[in-house]
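Structure first, then comments.
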Amino acid sequence: MDRQLYEKITNLRKSGRLAEAWSLARPSAEANPQDPYAKSALFWVCYDYLKEVQNGIKERAKRNNGDHSSNPSELQRVNSFLDWIAWLNIPSGGIEYRSLIRQFRKNLEYLPKLILLSASQFTDLFEDKDKEPYEAPKGESPSLMLTFARKTAKAWRGDENVRQQLTIDQICEIFAKTRREAKDKQNRIWLDYDEAKCLIFAKRFAQARDYILPVLRKKQGNSWAWHVLAMTFYEEDPAVAIVLLSKAICVSGEDSFALPMLKEIAPLLVKQEFVDEGSMCVKRATDCYISNGWKIKPDLERLINEPWYNKGVDLSFLPTFLQEQAATAPNYLFGELTSQVAIVEFIHASGKGFHAYLSKEKSVPVRRGIVKSGKLPSPGDYVRLTMSAEDKTVIAAESCDSEDLDKVGRAQGTLKITDKGFGFVDRTFVPSSLIQDEMHGKSVSVLWVVSFDKKKKKFGRKALKIDVL
């Protein structure tokens, strides 16, 4: 393509005369399929046509609660231009594919052809700036790379054609590369959540649990996290699935959030001979649809028409039953549990928890919310921790009597305060936060632990608590 024709097409396109630009760009590209200028000219005409479609979708979304899904005619038009872009076979690493993702980042999951086209270029798809999260007034917004991974996962679960062309191993590689390269912090947790759901779809249940368990340990008050863990047991161990679905329903807060779990737990309960309780779940879901004025969906309609369903059951018994079933749910969250006495090392600056000293090599964070009394202890107090045997995650804490702990002791002596505000009692370092001016030269008793001094790069005694004698 000569430069004059390229510039003419570009000028027509930029002035909004897309039909005229198309009439020149398409035959030129067909006649010169290897010409990079001909490819570029036709690509950007296709892009502007796609942008027109997307602008219409965006306008409708403003009036429709942010729903960016495309209607059949829009999808057909998008696919026709994507077919031309695929035919152009533009090399990866350029701006073209990234521009498409940026333009359609709100609704990629509804455009399977664009997902497949972009996934084929994934290795070289993103530049460094695409891996940086966006800074928004309310916090971090996902990077373009992380957004693409999540949208691809949703499309894979929802579209048979995408699943036929992208294997579960390819999906997992997209997640792995995104974890390695994306700089997101706040939203990284959603990669594990999405990958777990894809692995459940692929019936790789044990692998899915490896991803959802770390998420759930941080999101125990969220029904969706319990729900995903439950689905890893749905086929393999229905009894466990009932426990976890019960927990999900109990923490859901509103029935509108519990609807998927109510519909999924009902047939499992019937198989376990809890027929009335299964009917209660179906009735509770039905009542939620009716009270909100929603049309009952086919999956619930099928349950209503089951021969075992009794619409006359009393729903007042259901909450207690679900709570009883959910009682053992933490056993599946943390595996084998251990109990260990520890000593409070320091209170977090946020006031939302503390660090507990287990040994000179190990201390663990403890959230205020899992302390039995609901109150923060003080440095030097003894606490009994209930923890996961696997990774030492603390799930409960309560005050307890003192016990002999390794590398924990008491010392008495004269407190000597330095000009910098910290002090020493014999060989024990006393932080300035424990010291008052009038303590200098006084006889004191200190409770100490052996901890690692990062400045001196060696272990030494550090006081946690001080008392004037």
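Note that the numbering runs from 1 along the sequence shown for the chain.
- How far CG of Leu216 is from CG of Leu229: 6.0 Å, rounded to the nearest 0.5 Å.
- A salt bridge links Asp169 with Arg204: the closest approach of a Lys/Arg side-chain nitrogen to an acidic carboxylate oxygen falls below 4.0 angstrom.
- Looking at Asp453, its side chain does come within 3.5 Å of a backbone N or O of Lys456 through a donor-acceptor pair.
- Between Val425 and Gln412 the shortest heavy-atom distance is CG1-C, 4.1 Å.
- Because its NZ or CZ atom is both nearer than 6.0 Å to the ring centre of Phe233 and within 45° of the ring axis, Arg209 counts as a cation-pi partner of that residue.
- The residues Lys263 and Glu306 are annotated as not salt-bridged, no charged nitrogen and carboxylate oxygen being separated by less than 4.0 angstrom.
- For the residue pair Thr147 and Arg105, a side-chain donor N or O sits within less than 3.5 Å of a side-chain acceptor on the partner.
- The CD atom of Gln340 sits 8.0 Å away from the CG atom of Leu405 when rounded to the nearest 0.5 Å.
- The pair Glu160-Arg163 meets the salt-bridge criterion, since a charged nitrogen lies less than 4.0 angstrom from a carboxylate oxygen.
- In this structure, Lys177 places its NZ atom where more than 12 heavy-atom neighbours from other residues, nucleotides or ligands lie under 6.0 Å away.
- The 12-atom threshold is not exceeded at CZ of Arg427, counting heavy atoms of other residues, nucleotides or ligands nearer than 6.0 Å.
- At a threshold of 4.0 Å, the pair Arg179-Asp192 counts as salt-bridged, since one of the basic side-chain nitrogens sits closer than that to a carboxylate oxygen.
- Put simply, the side chain of Glu195 never gets that close to the backbone of Tyr211: no donor and acceptor are under 3.5 Å apart.
- Of the inter-residue distances, the one linking Met145 atom CE with Ile174 atom CD1 reads 9.5 Å to the nearest 0.5 angstrom.
- Going from atom OG1 of Thr286 over to atom CG of Asp255 covers 11.0 Å, rounded to the nearest 0.5 Å.
- Taking both residues in full, the closest heavy atoms of Ser118 and Leu125 are given as O-CD2, 3.7 Å, listed atom of the first, atom of the second, then distance.
- A salt bridge is absent between Glu140 and Lys183: the closest approach of a Lys/Arg side-chain nitrogen to an acidic carboxylate oxygen does not fall below 4.0 angstrom.
- Environment of CD1 in Ile95: sparse, with no more than 12 heavy atoms of neighbouring residues, nucleotides or ligands closer than 6.0 Å.
- More than 12 heavy atoms of other residues, nucleotides or ligands sit less than 6.0 Å from atom CG of Asn305.
- Classified by interplanar angle (parallel below 30°, tilted 30° to 60°, perpendicular above 60°), the ring pair Trp156/Phe201 is perpendicular.
- Once rounded to the nearest 0.5 Å, the distance linking CZ of Arg461 with OG of Ser451 reads 12.0 Å.
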Exercise for the section: Check the pair Glu173, Arg180 against salt bridge (Lys or Arg N to Asp or Glu O under 4.0 Å), reporting the backbone distance first and the verdict last. Expected result: CA-CA 10 Å; Glu173 178 51 37; Arg180 291 193 302 268; 3.3 Å; yes

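- Taking CD1 of Ile242 as the reference point, atom CG of Leu269 lies at 4.5 Å (rounded to 0.5 Å).
- Ring centroids of Phe126 and Phe148 are separated by less than 6.0 Å, placing the two rings close together.
- Formation of a donor-acceptor pair under 3.5 Å by the Tyr357 side chain with backbone atoms of Lys360 is found in this model.
- A donor atom on one side chain and an acceptor atom on the other are found under 3.5 Å apart for Asp67 and Ser69.
- Among Val344, Leu376, Leu447, the one residue that satisfies the side chain to side chain contact (heavy atoms under 4.5 Å, CB included) test with Asp381 is Val344.
- Arg63 contributes a side-chain N or O that, together with a main-chain N or O of Glu59, makes up a donor-acceptor pair within less than 3.5 Å.
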